[in-house]
Protein chains: 2
Amino acid sequence: MHVSEQAETGADPVPDLPGLARRATLRDVARRAGVSTAAASKVLRGAYGVSPGMRERVQEAMTALSYRPNTSARGMRGKTFTVGVVISDVQNQFYDQVLSGLTPVFGAADHKVLIAPAGTTMESELAAVEGMVDHRMDGLVLVTPLVPRAELERIAAILPVVVVARGGAAEGYDTITTDDEAGSALIVDHLVGLGHRDIAHITLGWSGDDPTLPFRARARGYEAAMRRHGLEDRIDIVTTAWSHQGGFDAAEVFLSRPGLPTAVHAGADVAALGLLSDFWARGIDVPGVVSVAGYDNSPIGMLAPISLTTVEQGAGELGMRAADLLLERMAGRTEPRSVLLAPTLVPRSTTAAPRA
Amino acid sequence: MHVSEQAETGADPVPDLPGLARRATLRDVARRAGVSTAAASKVLRGAYGVSPGMRERVQEAMTALSYRPNTSARGMRGKTFTVGVVISDVQNQFYDQVLSGLTPVFGAADHKVLIAPAGTTMESELAAVEGMVDHRMDGLVLVTPLVPRAELERIAAILPVVVVARGGAAEGYDTITTDDEAGSALIVDHLVGLGHRDIAHITLGWSGDDPTLPFRARARGYEAAMRRHGLEDRIDIVTTAWSHQGGFDAAEVFLSRPGLPTAVHAGADVAALGLLSDFWARGIDVPGVVSVAGYDNSPIGMLAPISLTTVEQGAGELGMRAADLLLERMAGRTEPRSVLLAPTLVPRSTTAAPRA
DNA sequence: AGCGATTCGTAGAACGTTATACGCCGGGAC
DNA sequence: GTCCCGGCGTATAACGTTCTACGAATCGCT
């Protein structure tokens, strides 16, 4: 393989790394257009003090050299025109939907989106966030962050931050989420309305006890609704992972007991799906023997063979509005905003009146 | 809100942006440790020429100031210790699995992973790739890129590139993929073995005709296998999107015809799931009336209510080995490598002998 | 004691942008 | 003809690293 020689005008420096091509810089552009780099920079930024003639010559040079600004260099002084999204679990389709809501908004505002996988522990999540700060992102969207709020405030003091799907008003950043307490209450009301009384709840096993975390809010909503219906003695919360495997594990817990509840409300669709699969495989009729409800309205749950009763959070809208909030913040707003959307019940075929 | 004053030793500069905290720089660290920035840099990089005493003082200063290197600044001269992953469709679980294979390997090698959403068009994909180059990534993993190979070679001349799930030996970059022709042949053999003859195939509707694209290879594998079994007159290829909706659309196509095929092999599980859901909703028995097979072995397909026959590509291994290849390349290897893994059939409950 | 070799530390020039501060030029008002 | 002013272009200093030189000790050997 041979390095492609760029037969341009004048001295052309040998590429530094062997076999690796060099990209055109603003200086190259300026040289070709016969202007100063400062002038080229002005054209690039659309800044004041540029004659039409110069603009045209510079732009011509840019396209001719297929110039692209070096984001690292930009990050040294000004903005990178890039926002970071930190997502804990790419497997969970909820996050994908938030993402689909986010990206077009940022795209329209000429900002790139870069995603950092946060892993499953608080340490790895924090490392991902710090990594984005290291990269000089212009702003950050954190989807269901697990780190303590003090950490969030610290990060938010460095750059604009919007937190999605984790509630609670904050001082230095914006939050947008759906009302998870209300969401789980919708499910409980729905199940009670069908005649259920033995309603169990599956929540995420996680050491942190921050009340703003969504699974905590859902558990709270479940408990409150049970109490409201006079079912406080039937409250039954099983903790597990939020994954298919977590659903299997929860099923094992239920099956290891004397009797099954008549309905199970999982705090996430993924867990509900695992549960459902386990019941199905064992020939336990859903919803005949036990009703199952999830939370998130993930696309898989819509499929006819599954048809899972769940709660719609409006993940797409969450993403869209989060992007709007971040853009506002990057434009200079500093007063915190905190948006709460209303969830809606999506009744499908995995819930029905109890047999008895 | 008040900016937190960092009550450190000596002159502490006012943060440039109002309300935004300033991070410690290498100079701050050096000053505090009483050494030159060059020395601090040596310690940071683990370079030669550092006494144990100095190393200790500098490291102490780093932790005290909770110093983090500025990646943008690093990108200006050396490496960013970050690799970029470009993924076309985050909704497709196959990509998530590749990702899960990738990240631990890079993590172990002290490299951050950043993901760029490539969108659905070739233009948006190219923009995402260029964006990663702008950010001075040390290397790139492209998962099922759609851009022409000439573009890939151009990018690969700038930085190390590994292409995942798109075959064909290349000159300037590595490729790793499973043998998609063989994979689809496995499905056809399986279906023929069950007694099917009217086997249709669903492929991705995409204008590019590069033969290395996976859906092209699968279609080729299907055709070749059909011919091998003397079924060339039964070859029936429907093009659609690779999504649930695409599956619905394909179902409509089949239902609008005089008779259904006895088996359908979709080139991707997502499409198979959409198809399945449509059939199910219309009361068309699967596999009684029609057998359905997918491709990818995505987690959803494993769930008991679905239990989809499919092909395992080993997405996790694909990701792991792609990471290894990229690390090798970043370490200096320039001869291209191209790895082909063998797929395996995963027979489940959506395929059975035809009724007739 | 003399002298090269080794070890440890520092100076300073990049890297590619941005943005401030300035200079030059032409033209209108006096 | 001055003077000023707005429009347009340039010079240059950052930004926070990396890394090549190079200088100053110290050490080992004769």
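Remember, predicted model here, so these are calculated numbers, not experimental data. Residue numbering restarts at 1 for every chain, and letters A, B, ... go by the order of the sequence lines.
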Which atom names give the shortest non-hydrogen contact between [X] and [Y], and what distance separates them?
{"X": "A:P160", "Y": "A:D138", "answer": "CD-O, 3.3 Å"}
{"X": "B:R74", "Y": "B:F81", "answer": "NH1-CD1, 3.3 Å"}
{"X": "A:K112", "Y": "B:G131", "answer": "CE-CA, 4.0 Å"}
{"X": "A:T212", "Y": "A:G168", "answer": "CG2-CA, 3.9 Å"}

Task: Basic-acidic side-chain contact under 4.0 Å: B:D28, B:R31 - done: yes
Task: DNA chain D contacts made by residues 33-45 of chain B, counting heavy atoms under 4.0 Å - done: B:A38, B:S41, B:L44, B:R45
TODO: Would you mind telling me which residue lines up with the more 5' stretch of DNA chain C, B:M76 or B:M54, judged by nearest nucleotide?
DONE: B:M54
Task: Given DNA chain C, 5'-ward residue of the pair B:R77 and B:R57, judged by closest heavy atom - done: B:R57
Task: Presence of B:S72 side-chain N/O under 4.0 Å of D:dC15 phosphate oxygens OP1/OP2 - done: no
Open item on the list: When you measure from the side-chain N and O atoms of A:Y48 to the phosphate of D:dC8, is any distance below 4.0 Å, counting only OP1 and OP2?
Closed with: no
Interatomic distance where [atom1] belongs to [X] and [atom2] belongs to [N] [whole Å]:
{"X": "A:F81", "N": "C:dT18", "atom1": "CZ", "atom2": "P", "result": "7 Å"}
{"X": "B:H135", "N": "C:dT17", "atom1": "NE2", "atom2": "P", "result": "14 Å"}
{"X": "B:K79", "N": "D:dC19", "atom1": "NZ", "atom2": "C1'", "result": "14 Å"}

Open item on the list: Is it the case that atom CD in A:E56 sees more than 12 heavy atoms from other parts of the structure closer than 6.0 Å?
Closed with: no
